[in-house]
Novice: 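Following this message is one structure expressed as structure tokens.
Naming convention: chains lettered A, B, ... in sequence-line order (proteins, then strands); numbering from 1 in each chain. These figures come from a predicted structure and were not determined experimentally.
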Amino acid sequence: MTEETPLEHERRLKVERIRAEGREPYPWSFVGRITTDQVRARCAGLHAGEEAGDPPVRVAGRIKATRLHGKTAFADLEDREGSVQLLIRADTLGEAEFQSWMRDLDPGDIVGAEGFPAVSKRGEPSVHVRSLALLAKAIAPPPEKYHGLQDVEERLRRRYLDLMSSPETRQLFRARTMLIREMRRYLDAAQFLEVETPILLPVASGAAAEPFVTRSRYLDAELQLRISLELPLKRLLVGGLERVYELGRTFRNEDMDTSHSPEFTELEAYWAYADYHDMRRLIEGLYGHLAERVLELLPESPTAQRGAQGFTPPFATVDFVDELERRSGINDLLSKTPGELRELVRTIGSTVPDRSPPGVFLDKLFEHYVEPHLERLTFVVDHPALTTPLAKRHRSKPGRVERFEMFYRGTELGNAYTELNDPDEQERRFREQLEGQGGDTYAYDADFVRALRHGMPPATGIGVGVDRIIMGLVGAESIKDVLLFPQMRSR
RNA sequence: GGGCCCGUAGCUCAGCCCGGUAGAGCAGGCGGCUCUUAACCGCAAGAUCAGGGGUUCGAAUCCCCUCGGGCCCGCCA
């Protein structure tokens, strides 16, 4: 129990007073309300000082500010659609009730009001209140009415305060939801089936990452939280579902920074009888679509304008090996031995466990020489086979796989390939991963190999970091800015 | 893990450099005002200065440690 501040004490006294007057400070409902934008619409035809007649309107929301002016008072009431002014007069409400309300009403209180649409003498759309109802008394005060909540830490830890004081924050999270809904609609329209696969697994696989570990009492066994959606979804292709996607939370037990959250939302889609060229067309269509939507959702945000531009096709394309060789000045990368690659990684000051799978060295070099330069949205294509154990070998470039990764402003947004469906090849690649012992590897999934033996149609698949897509579209600088309740150290 | 920056009243900030015992605005209290909109005017109140230790006659201020946050780097896809 936290200690009561003097301010909270005053407000508790008000609650007691309200109860003593026989009123309920936390009633059950307020029926028949319309939203503040509808009230404003009702005020549209009125001149300053004019008031509409019957029927009265009912509005409900949070009190943002009060301006007491003797026997007239004004209060700004905010709901999900905006705000409207309440015009409260002693002669309309009754002297005693007016005095009682003026004594007990505070910013932050949730109230319902009934009255007539009116425009004040100064031209402000208002509700001329004939009765007021307290719907929830606020004991603790809202953030400062003009500056809002500025402290970054408080905004993240106590998102409710950020939301109640910042229309921009509310708009941003509304936009996030609408954009994710748009992703679903786009894939649904393309005949993809949304599915749900397990979050708790005996062994998390499908990516190289440290999993969170938990325990099942019933099974008396350790379980891991998924680190990717890939392998269950491909099993569904084996089962004949042909076009599937999942949009859900994925977990990686690693550090947090401006582009990594330990739990993040991932979208993965798998498409039978199509290859990575088809997937690229699909994803470009989706991005173009999202770019249009974000402009409608956040028309006043300059960062969203920039985001929309960034996500509008056409996009740049670079070949993984060509670009790495060009940027680094290193030739014949694919003919280097693992030892030589390790030395090259050392020269750039990156410390990777010596016995990592050799693909890790190539990734490191790419991260160092190329990624920081990928400002505009860029497709990086045809990676070395060593880096990618779940993709199919390239049909014409030896030593490569059919893969593309997307980068925007220096961070990876997503990753797609023509899927490997040869069960024996898959088994071999898993084993190669196991030979590298330092660092993370793709966990061997024997049942997945067994599934492939039953025949998976040729297919393409993609995984994208949804939070990062949202960041890019709205122009957020940190992943925490697009997560309602980001992970924080407890204090 | 390393570097830099930040933490003062419920909220927004000043004071820190150059040590002298904390100052304002909002919100809240009391009083005034029948058209205000960051309403206004007057009065009074509100602070273990993130926590701990040190230096000093004296620490919000200087030094060290710890906690929390931000940014950069490293690590990690």
Novice: Which of the following nucleotides, B:G68, B:G74, B:C33, is nearest to the side chain of A:Glu153?
Specialist: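 Among B:G68, B:G74, B:C33, the one nearest the side chain of A:Glu153 is B:G68.
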Novice: When you measure from the side chain of A:Glu254 to the backbone of A:Glu210, do you find a donor-acceptor pair of N or O atoms at a distance under 3.5 Å?
Specialist: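 Checking the backbone N and O of A:Glu210 against the side chain of A:Glu254, a donor-acceptor pair under 3.5 Å is found.
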Novice: B:C4 pairs with which nucleotide, Watson-Crick or G-U wobble, both distances below 3.5 Å?
Specialist: B:G70
Novice: Side chain of A:Glu412 only, please: which of B:C35, B:A77, B:U12 is the nearest?
Specialist: B:A77
Novice: From the list B:G28, B:C11, B:G70, which nucleotide is the closest neighbour of the side chain of A:Val152?
Specialist: B:G70
Novice: Can you tell which of B:C33, B:A77, B:A38 lies closest to the side chain of A:Tyr146?
Specialist: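 Within the option list, the nearest is B:A38.
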Novice: Taking the minimum atom-to-atom distance to the side chain of A:Pro141, which one of B:A27, B:G69, B:U37 wins?
Specialist: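 Taking heavy atoms from C-beta onward, the closest nucleotide is B:A27.
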Novice: Is A:Lys14 near enough to B:G29 that one of its side-chain N or O atoms lies under 4.0 angstrom from OP1 or OP2?
Specialist: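 So the side chain of A:Lys14 is within the cut-off, an N or O lying under 4.0 Å from OP1 or OP2 of B:G29.
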Novice: Applying the Watson-Crick and G-U wobble criteria at under 3.5 Å, what pairs with B:G42? Answer none if nothing qualifies.
Specialist: B:C30
Novice: Kindly indicate whether the side chain of A:Gln150 and the base of B:U12 share any N or O donor-acceptor pair separated by less than 3.5 Å?
Specialist: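 Such a pair does not exist between side chain and base.
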Novice: For B:G70, take OP1 and OP2 only and decide whether either is under 4.0 Å from a side-chain N or O of A:Lys480.
Specialist: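 So the side chain of A:Lys480 is within the cut-off, an N or O lying under 4.0 Å from OP1 or OP2 of B:G70.
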Novice: Using whole Å, what does the distance between atom P of nucleotide B:C40 and atom CZ of A:Phe74 come to?
Specialist: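 After rounding, the reported distance stands at 14 Å.
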Novice: Under 4.0 Å between a side-chain N/O of A:Arg89 and OP1 or OP2 of B:C35, yes or no?
Specialist: no
Novice: Could you please name the option among B:G46, B:C13, B:G28 that lies closest to any side-chain atom of A:Asp106?
Specialist: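 The listed nucleotide nearest to A:Asp106's side chain is B:G28.
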Novice: Does the side chain of A:Lys364 get closer than 4.0 angstrom to OP1 or OP2 of B:C76 through an N or O atom?
Specialist: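 So the side chain of A:Lys364 is within the cut-off, an N or O lying under 4.0 Å from OP1 or OP2 of B:C76.
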Novice: B:G7 C1' sits how many Å from A:Arg157 CZ, rounded?
Specialist: 12 Å
Novice: Could you check how far CG of A:Asp257 sits from P of B:C72, rounded to whole Å?
Specialist: 9 Å
Novice: Quick check for you: among B:G74, B:G46, B:A77, whose closest atom lies nearest to any side-chain atom of A:Glu405?
Specialist: B:A77
Novice: Measure from the side-chain heavy atoms of A:Glu144 and tell me the nearest of B:G25, B:C76, B:G68.
Specialist: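 Nearest to the side chain of A:Glu144 among the choices is B:G25.
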Novice: Measuring from the side chain of A:Pro107 (C-beta onward, heavy atoms only), which nucleotide among B:A77, B:G28, B:G10 has the closest atom?
Specialist: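 When the side chain of A:Pro107 is considered, B:G28 is the closest of B:A77, B:G28, B:G10.
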Novice: Is the shortest side-chain N to carboxylate O distance from A:Glu51 to A:Arg89 below 4.0 Å?
Specialist: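 Salt bridge: no.
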Novice: Classify A:Ser490 by what it touches in the nucleic acid, base, sugar-phosphate, or nothing, heavy-atom distance under 4.0 Å.
Specialist: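 Contact class for A:Ser490: sugar-phosphate only.
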Novice: Strictly distance-based, threshold 3.5 Å: is any side-chain N or O of A:Glu246 a donor or acceptor partner for the main-chain N or O of A:Leu229?
Specialist: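 Not at all, since once roles are kept as given, no pair shorter than 3.5 Å links the two residues.
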Novice: Nearest 0.5 Å please: distance from the CG atom of A:Leu105 over to the CG atom of A:Leu68.
Specialist: 10.0 Å
Novice: Side chain of A:Pro6, heavy atoms from C-beta onward: which of B:C75, B:A77, B:G46 has the nearest atom to it?
Specialist: B:G46
Novice: Of A:Ile462, A:Leu247, A:Ile469, which meets side-chain contact (heavy atoms from CB on, under 4.5 Å) against A:Leu267?
Specialist: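 Result for side-chain contact (heavy atoms from CB on, under 4.5 Å) with A:Leu267: A:Leu247.
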